[in-house]
Amino acid sequence: MLKVIPLTKPEEQMAVCYRCGLEYDRKQFAYAAYENDEIVGGAQFYIKDGVGYMSDLRLTDMNNYALAMLLGRSVLNFLDLHEVKEVYFEKNGEFYDKAAKIIGFKQKDGRHYAYLEGMFTSDHHH
């Protein structure tokens, strides 16, 4: 069974970061994806001056874009629920560019950007 959950304990976040190749930062929020209780993905993000920043998202299978979308959307939903409306995805490269697009980011000034107003409600227009 697949589950995507927020991490609340530093040791959990550290384990997910280690398993997925993320650089652990205890000051950031984190989500993890588990498949049958095995770590299969992780994401770290933070909020600064009311803007969200997804600093990284990594998977044990970097070709699983469906999982990247689920994990990334979980982060965006968390930010939306906390009234953050603008989010940047800070990573670039082939995997990140494709994952960002699938998650819902657009290009703005050469950066991955998402405006969350209405993204998780029926009044969102692409």
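No hydrogens, no waters, no symmetry mates; every other heavy atom, side chains included, goes into these values.
- Sorted by first and then second residue, the side chain to side chain donor-acceptor pair (under 3.5 Å) pairs involving residues 15-30 (not counting sequence neighbours) are Asp25-Gln28, Gln28-Ser55.
- Closest heavy-atom contact between Gly41 and Leu71: C-CD2, 3.9 Å.
- Val87 places none of its side-chain heavy atoms less than 4.5 Å from the side chain of Phe45.
- Looking at Phe105 and Met54, their side chains come closer than 4.5 Å, going by heavy atoms from C-beta outward.
- There is a path of hydrophobic side-chain contacts, each under 4.5 Å, that joins Phe89 to Leu59.
- Looking at every heavy atom in both residues, Val84 comes nearest to Gly52 through CG1-N, 3.4 Å.
- Here the OH atom belonging to Tyr96 is positioned 3.5 Å from the CG atom belonging to Asp56, to the nearest 0.5 angstrom.
- Shortest non-hydrogen contact noted between Cys20 and Gly42 is SG-N, 3.7 Å.
- Here the closest heavy-atom approach between residue Ala114 and residue Met119 is recorded as CB-CE, 4.5 Å.
- Among residues two or more places apart in sequence or in another chain, the side-chain contact (heavy atoms from CB on, under 4.5 Å) test is passed with Ile102 by Tyr65, Met69, Lys98.
- Gln107 places none of its side-chain heavy atoms less than 4.5 Å from the side chain of Tyr113.
- With sequence neighbours left out, Tyr34 forms a ring pair (Phe, Tyr, Trp, His ring centres under 6.0 Å) with no residue at all.
- No side-chain heavy atom of Asp61 sits less than 4.5 Å from a side-chain heavy atom of Leu67.
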Sequence neighbours left out, cut at 3.5 Å: what donor-acceptor pairs do the side chains of residues 74-82 make with other protein atoms?
residue: Ser74; atom: OG; partner: Leu70; partner atom: O; Å: 2.8
residue: Asp80; atom: OD1; partner: Lys85; partner atom: NZ; Å: 3.0
residue: His82; atom: ND1; partner: Phe78; partner atom: O; Å: 2.8

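- Note on residues 36-45: pairs passing side chain to side chain donor-acceptor pair (under 3.5 Å), not counting sequence neighbours, are Gln13-Gln44.
- Two residues are said to be in side-chain contact when any heavy atoms from C-beta on lie closer than 4.5 Å; Tyr88 and Lys108 meet this criterion.
- A distance of 12.5 Å separates NZ of Lys106 from NE2 of His112, quoted to the nearest 0.5 Å.
- Note on Leu2 and Ile5: separate hydrophobic clusters, where clusters join Ile, Leu, Val, Met, Phe, Trp and Tyr whose side-chain heavy atoms are under 4.5 Å apart, directly or indirectly.
- The hydrophobic cluster analysis finds Leu22 isolated: no Ile, Leu, Val, Met, Phe, Trp or Tyr side chain comes under 4.5 Å of it, directly or through other members.
- For the atom pair Glu117 CD and Glu83 CD, the distance stands at 10.0 Å (nearest 0.5 Å).
- The line from CG of Leu57 to OH of Tyr31 is 12.5 Å long, rounded to the nearest 0.5 Å.
- The shortest distance between side-chain heavy atoms of Asn92 and Asp97 falls below 4.5 Å.
- The hydrophobic clustering, which links ILVMFWY residues whose side-chain heavy atoms are closer than 4.5 Å, places Val40 and Met14 apart.
- Within the 3.5 Å criterion, the main-chain N or O of Ile103 finds a donor-acceptor partner in the side chain of Arg73.
- The hydrophobic cluster containing Val4 does not contain Ile39, counting ILVMFWY residues as joined when their side-chain heavy atoms lie under 4.5 angstrom apart, directly or transitively.
- Glu90 has its side chain within reach of Tyr46: a pair of non-hydrogen atoms, C-beta onward, lies under 4.5 Å apart.
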